[in-house]
Amino acid sequence: MASIGKIARRTFLVGTAAIAGGVVFGVYKLNQDPPNPLKPGEGEWPLNAFVVITTDGVTVICPKSEFGQGVHSTWAALVAEELDVDWQQIRVVHSPAALAYYNAGLFGMALPGLDYRRGPVAEGIAAFMGKAAKLLDLDVTGGSSSIRDGYTRLRIAGATARETLKLALSRETGTPVSQMTTEGGHVVLGDGTRVSYATIAPLAADVDPPRVGLRDPSTWRYLGRDMPRLDMVAKVTGTAEFGIDVRLEGMKYATVHMSPRRGKMVGFDKSKAQSMPGVERIIDLGDGFAVVASNTWLAFKAAEAVEPEWGPAPYPADTASLWAKVAEGFDAEPHVVARDEGNADRTQDGTEVIAEYRAPYLAHTTMEPMNATALFKDGKLTVWAGVQTMAITRDNCAAALGIAAEDVTVIVPFLGGGFGRRATPDYVVQAARIAKEMAGTPIKLTWTREEDVARDHFRPAAMARMRGVVRDGKAVLYDAHVASASITLDAMEASGGGAPMKDKELVGGMHDQPYAIPNFRVAAYRTFTGVPTASWRSVGASYGGFFFDTFIDEMAHAAGADPLAFRLDLIRPEHEPSAKLLETVAEMSGWGSALPQGTAQGVAFTYSFGTPVAQVIQVSQRGSGIGIDKVWIACDPGVALDPRNIEAQMFGGCLYGLSAAVMGEITFADGRAEQSNFWDYDALRMHNAPAFEVRILQNAIGLSGVGEPGTPPAAPALGNALFALTGTRARELPLIKTFDLIL
Amino acid sequence: MAKQITVNGQSYFIDLPDDVPLLWVLRDEVGLTGTKFGCGVAACGSCTVHIGGMAVRSCQVALADVSGPVTTIEGLGAPDTLSTLQAVWAELQVAQCGYCQSGQIMQAAELLALNATPSDADIDDAMQGNLCRCGTYPRIRAAIHEAARRMGEGV
Ligand code: FES
Ligand code: FES
């Protein structure tokens, strides 16, 4: 974990000095392009870090992990739009770990103040801040940041490549660049002669890339359209290579059992397992063991036959004591008051509303269990693994093996889901350690689903204490206090890096909501339970969206107002694009019109990761229980680069949130998670998933991501609908504890 | 003492203990990785293949019990020879991460073989054993209806 420590210390500098004008890093260093890390093979000509011309087309280099969000295809469309290549000519490959692939989008979001209020002027500051990510070598795929990161950079890469090719041809033929056009992977001369990019590319190596402008969006041919995803055919034929599918000559298959209490392994008896079929090695890993065999299943079976003795958990051993520990968070001063407008302490006339909410620990359960393939040979390590960050993976593996980062190569195949889980590369480090024990032999480590649940890094449990006052149908006070773990700071401190920052993500989905409430406070309290946690699709907003919006709904009812109109009134003065979304879902869902007996609707709204999303959910009482009939979603990412893909992210994000809202909960007993597989940690399925209708508006300023913002409003919209149906207000998730929902 | 099985029309001799599930025979031995491991306990459907035309969870079928020819996703259609079902699946952009999709498609293929015009309720019944953590259900449903329409028209 060395690298996170380093990041922590550097982050301090970014927070204090870089934004003030590059004092620490120097503007020059920030603006300087990192070296092109691509090493071309035969018939390949890299024009920059993102564009490689090949004999049969163009290869676009994408540093973003593809886990279903379609980033590889949108990344390609950004390049193609400027480079003038046909869609069939494009191939996308995942980049190596290299400085050139820093994520500027992620950093641009970590600015002080309220995101939705930031105007176009501040966009420049965000871009400048983003460049600091380069110095930190941050390459995370997460935070709905990929397209923010690539939107300008990739079009420039495409345009620069195009003009470089023209210059090279001009130098060769004497034809002025002004008499050239480009089309379908060719430069076209005035007389109609077509010269393919592959013909020109070998001549372009020493051409100085020119400065170029970008095309006007009104001329776009790929962007703004539904593009056929480039990975789709592979994914319907079983030919897409996920991490778990990597196969190497002479490979052995491994699995691990690590302490389900996240402590030490006191001892283990491997005598029975050692003689089981196919078993080659059983390795003591300190806090668990690995079995290496000739087949994954034989490794699974042998691992079950090992008898380990697990040490105690470094955290309270059961759910009740964990909740007590979370509540203790409120005893200290707030970690940060993320919003404080008006005076939340002054007594207000009106009707007071008070409520306490809880959201449980959650597992990610990506469809593809954690796995990694590793080969340690001649002191160098190569790993093939679905990860959300190459740099941290590389550094953690290097540290664990005591080798230099340069001696680690990380190759990223497709990911069978990420949801934040694959930003913690513990499973890759395990594979690396096993590979070192088996030097020269490639090993593939596959976790069982049981290991995947037991050893997840969970969405932290969170608790909210809310107080509000309504007067004359309006909110006059909103005072929110939230206690939860800080995922980022916990990780930094665990690595010994210190954590000299405040983490507003603790109140994600709460402080940054565009509501005009005269007395408005959102305070965050840090909890220290010791349970390993991680980002979970939409991070803080995954619980914050539920707390914030459910309480708005409670206030609307206390005010005797229509819940949608109540929100609209408060949002309109703060953020017009968000107000439009509420009007849109109202129209789509027929909000307010008479519904059949036993049917009800609920609305919710969350602004997260720069994208406001409104959802209306309709539920109905059926013979077998309460069913979720339909969800109407309206979102505004500013610019919709691929509408059909955005639609998929919206309903997919909503379903991920709904699964957790209905039934998701990790509980603890004896220091272990009590759930283990899909039979006791399930999700919505075909028969109980709702129908969807999605509308995408483009009124918001700038451009924002869509992978996460569909998740936060799902839980409150469902809870609010259930309140409308039954008159019962659930202040605790999952909702199955309160309602007879169809499972 | 190797056991002979037929996968996608090809014969294989497998030298593994009798109780190794077909899933791990296919993935680690035969080298067909299109069939996925998701849970190992019949709770997710990622590992669905056909044996003698019937959809089964390959994580639950021991090597010794493989009683007929096996068809995996690779046998349903390759990138340049897509089956109608796969073509519709790609056209409607059903897949997100794609990990569950082999199982979804194999399950849907059985459904359409047994029921040429499935209703929404039929789809609910047939598909509820197949989990998708990305939440592609709305498009899976649409793709099954569309494939049924095209197959009915003999397209
Ligand atoms: S792996 Fe067989 S059903 Fe999940
Ligand atoms: S497409 Fe990702 S699990 Fe189904």
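Here is how names work: the chains are called A, B, and so on, in the same order as the sequence lines, proteins then strands, and each is numbered from 1.
In this structure, no portion of A/M276 lies under 4.5 Å from any heavy atom of chain B. In this structure, chain B has a heavy atom under 4.5 Å from the side chain of A/T239, while its backbone stays farther away. Using a 4.5 Å cut-off between heavy atoms, A/N677 contacts chain B through its side chain alone, with no backbone atom that close. For A/K301, no part lies under 4.5 angstrom from a heavy atom of chain B. Contacts of B/P17 with chain A are made by side-chain atoms alone, with heavy-atom separations under 4.5 Å and no backbone atom involved. For B/L23, no part lies under 4.5 angstrom from a heavy atom of chain A. Only the side chain of A/L298 comes within contact range of chain B, judged by heavy atoms closer than 4.5 Å. For chain B, the nearby part of A/A240 is the backbone; its heavy atoms alone come within less than 4.5 Å. With a 4.5 Å cut-off on non-hydrogen atoms, B/D19 touches chain A through its backbone and its side chain both. For B/L76, no part lies near chain A; criterion is any non-hydrogen pair under 4.5 Å.
Residues B/Q86 and A/T237 are in side-chain contact: their nearest non-hydrogen atoms beyond the backbone lie under 4.5 Å apart. Put simply, the side chain of A/E368 does not reach to within 4.5 Å of the side chain of B/K36, judged on heavy atoms. No side-chain heavy atom of B/I73 sits under 4.5 Å from any side-chain heavy atom of A/V236. Here the side chains of B/C44 and A/W679 are not in contact, with every heavy-atom distance at 4.5 Å or above. Contact of the B/R133 side chain with the A/T366 side chain is not registered, since no non-hydrogen atoms from C-beta on lie closer than 4.5 Å. Put simply, the side chain of A/E450 reaches to within 4.5 Å of the side chain of B/V41, judged on heavy atoms.
Residues of residues 88-102 of chain B lying under 4.5 angstrom from chain A, judged on non-hydrogen atoms, are B/W89, B/A90, B/E91, B/L92, B/Q93, B/V94, B/A95, B/Q96, B/C97, B/G98, B/Y99, B/C100, B/Q101, B/S102 by number. Using non-hydrogen atoms only and a strict 4.5 Å limit, the part of residues 645-654 of chain A facing chain B consists of A/E647, A/A648, A/Q649, A/F651, A/G652.
Put simply, CE on A/M686 and CG on B/D125 are 11.5 Å apart, with the number rounded to the nearest 0.5 Å. Between A/S294 atom OG and B/D15 atom CG the span is 9.5 Å, to the nearest 0.5 Å. Atom CD of A/E241 and atom OG1 of B/T33 lie 7.0 Å apart (nearest 0.5 Å). Between the CG atom in A/L655 and the OG1 atom in B/T136 there is a gap of 9.0 Å [rounded to 0.5 Å]. In this structure, B/L22 CG and A/W297 CH2 are separated by 12.5 Å, a value rounded to the nearest 0.5 Å. Note: B/S46 OG to A/I244 CD1 = 9.5 Å, rounded to the nearest 0.5 Å.
Under the 30°/60° scheme for interplanar angles, the aromatic rings of B/W24 and A/F300 are found to stand perpendicular.
Between chain A and the residues B/M127, B/R139, B/E74, the largest count of heavy-atom pairs under 4.5 Å involves B/R139. Of the listed residues A/H687, A/M251, A/E66, the one with more heavy-atom pairs under 4.5 angstrom with chain B than any other is A/H687. The choice from A/F67, A/Y253, A/F692, A/Y656 that makes the most heavy-atom pairs within less than 4.5 Å of chain B is A/Y253. Listed options A/N295, A/N688, A/V233 were ranked by heavy-atom pairs under 4.5 angstrom with chain B; first place goes to A/N295.
No donor-acceptor pair closer than 3.5 Å links the side chain of A/R449 to the backbone N or O of B/C39. Without hydrogens or angle criteria, B/Y137 side chain to A/P690 main chain gives no donor-acceptor distance under 3.5 Å. At least one donor-acceptor pair under 3.5 Å links the side chain of B/D28 to the backbone N or O of A/T296. One N or O on the side chain of A/R247 and one on the backbone of B/R27 form a donor-acceptor pair closer than 3.5 Å.
Heavy-atom minimum distance, A/F678 versus B/G38: CE1-O, 3.7 Å.
Other residues, nucleotides and ligands place more than 12 heavy atoms under 6.0 Å from the CZ atom of A/R644.
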Start with the C-alpha distance between B/L131 and A/D682, add both sets of side-chain angles, then the distance that settles side chain to side chain contact (heavy atoms under 4.5 Å, CB included), and finish with yes or no.
-> CA-CA 9 Å; B/L131 196 60; A/D682 204 0; 3.9 Å; yes
